[in-house]
Amino acid sequence: KNQVEQSPQSLIILEGKNCTLQCNYTVSPFSNLRWYKQDTGRGPVSLTIMTFSENTKSNGRYTATLDADTKQSSLHITASQLSDSASYICVVVTDSWGKLQFGAGTQVVVTP
Amino acid sequence: SAVISQKPSRDICQRGTSLTIQCQVDSQVTMMFWYRQQPGQSLTLIATANQGSEATYESGFVIDKFPISRPNLTFSTLTVSNMSPEDSSIYLCSATLAGYTDTQYFGPGTRLTVL
């Protein structure tokens with residue numbers, strides 16, 4: 001069973017609207033949680049990295065939140081643009097060896 | 001940050017042949033990683049490659065099938081040996097500048113199709 005679960009699997013939103021992606025994880029021990037954006041045919045690009053003590057982190061129109069007690073994270077996209085169409089991957093880094101546990105990703109499609 | 005390039009960007013290969021994928025980083029990095037991403041799936045770690053030592057393979061991946069070289073701090077290769085259609089996938093190289101807790105930078109990937 002995947003230890004990093006993302007929802008929804010896919011999402012279609014109108015340009016200019018906001019959306020929120022969810023990530024629940026069970027991995028332990030926890031080092032940090034990352035959100036990556038992967039455009040079609042490209043490698044993932046880091047959006048945010050949050051450690052245990054951080055509740056929120058922003059990168060432009062992307063805002064990530066973390067609740068380490070409930071092991072939940074979210075990624076909020078504000079005022080979506082066509083260029084936001086991509087897969088968004090939640091990654092949890094675990095233990096001192098830094099093994100990355102990848103979620104399956106949420107495919108976001110922004111339509112005009 | 002680090003910029004990572006991969007060659008080739010894509011290839012179509014015959015069953016039973018081998019393909020070597022090159023990964024070049026624009027700065028010296030401590031750790032490099034090779035991942036596989038099958039269509040519609042997330043990334044699966046194949047192995048970790050440190051300069052000057054043998055690569056460390058994840059469960060389900062073996063050196064005979066996926067030999068890796070790491071001759072210096074900016075370069076690595078992954079070979080997919082004796083290919084079968086099941087090896088059709090995207091192979092991605094990544095690297096960290098300062099260790100496991102640092103940001104991992106990814107290359108653009110190599111799209112491999114095996115006929």
Side-chain angles (χ1 to χ4, degrees), chain A residues 1-11 21 23-25 27 29-54 57 59 62 64 86-109, chain B residues 1-11 21 23-26 29-50 56-61 78 89-113:
Chain A
K1 185 180 188 300
N2 197 347
Q3 298 181 66
V4 181
E5 300 282 348
Q6 291 188 241
S7 62
Q9 199 169 33
S10 61
L11 183 62
L21 315 180
C23 174
N24 297 334
Y25 62 94
V27 293
F30 172 87
S31 175
N32 60 73
L33 185 145
R34 308 170 183 189
W35 283 94
Y36 280 86
K37 178 187 179 189
Q38 185 175 23
D39 293 309
T40 301
R42 301 288 188 95
V45 174
S46 178
L47 293 175
T48 62
I49 299 177
M50 288 184 292
T51 61
F52 183 88
S53 59
E54 295 176 295
K57 185 162 279 190
N59 178 356
Y62 301 103
S87 178
Y88 292 85
I89 305 171
C90 175
V91 182
V92 179
V93 182
T94 182
D95 69 40
S96 58
W97 292 104
K99 270 271 177 82
L100 272 60
Q101 300 284 341
F102 287 82
T106 293
Q107 187 68 46
V108 174
V109 175
Chain B
S1 66
V3 177
I4 300 178
S5 59
Q6 288 184 232
K7 285 189 207 178
S9 58
R10 59 178 63 223
D11 207 342
I21 303 168
C23 176
Q24 180 74 53
V25 189
D26 69 343
V29 293
T30 53
M31 309 185 74
M32 296 182 75
F33 308 87
W34 287 97
Y35 290 87
R36 183 171 72 183
Q37 186 176 28
Q38 299 188 305
Q41 306 288 319
S42 195
L43 282 72
T44 300
L45 180 64
I46 297 171
T48 302
N50 292 326
T56 303
Y57 289 83
E58 297 300 301
S59 174
F61 298 97
L78 169 76
S89 190
I90 298 171
Y91 292 86
L92 294 122
C93 168
S94 77
T96 63
L97 295 176
Y100 282 105
T101 57
D102 193 23
T103 298
Q104 240 182 58
Y105 299 93
F106 286 85
T110 295
R111 183 179 293 272
L112 171 62
T113 301

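Not measured: the values here are computed from a predicted model. Chain naming here is simple, since letters A, B, ... match the order of the sequence lines and numbering starts at 1 in each.
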- Toward chain B, the part of Gln107(A) with a non-hydrogen atom under 4.5 Å: neither

- Could you look at Glu58(B) and say if it's the side chain, the backbone, both or neither that has a heavy atom under 4.5 Å from chain A? side chain

- Message: So does Tyr88(A) get a backbone contact from the side chain of Gln6(A), meaning a donor-acceptor N/O pair under 3.5 Å?
- Response: yes

- Are any of the side-chain heavy atoms of Ile46(B) and Tyr91(B) separated by less than 4.5 Å? yes

- Which answer fits Leu43(B), side chain, backbone, both or neither, if we ask what part of it has an atom under 4.5 Å from a heavy atom of chain A? both

- Task: Check whether any side-chain N or O of Gln37(B) sits under 3.5 Å from a backbone N or O of Ile90(B) as a donor-acceptor pair, and report yes or no.
- Result: no

- Query: Would you say the side chain of Gln3(A) lies within less than 4.5 Å of the side chain of Val92(A), judging by non-hydrogen atoms?
  - Reply: no

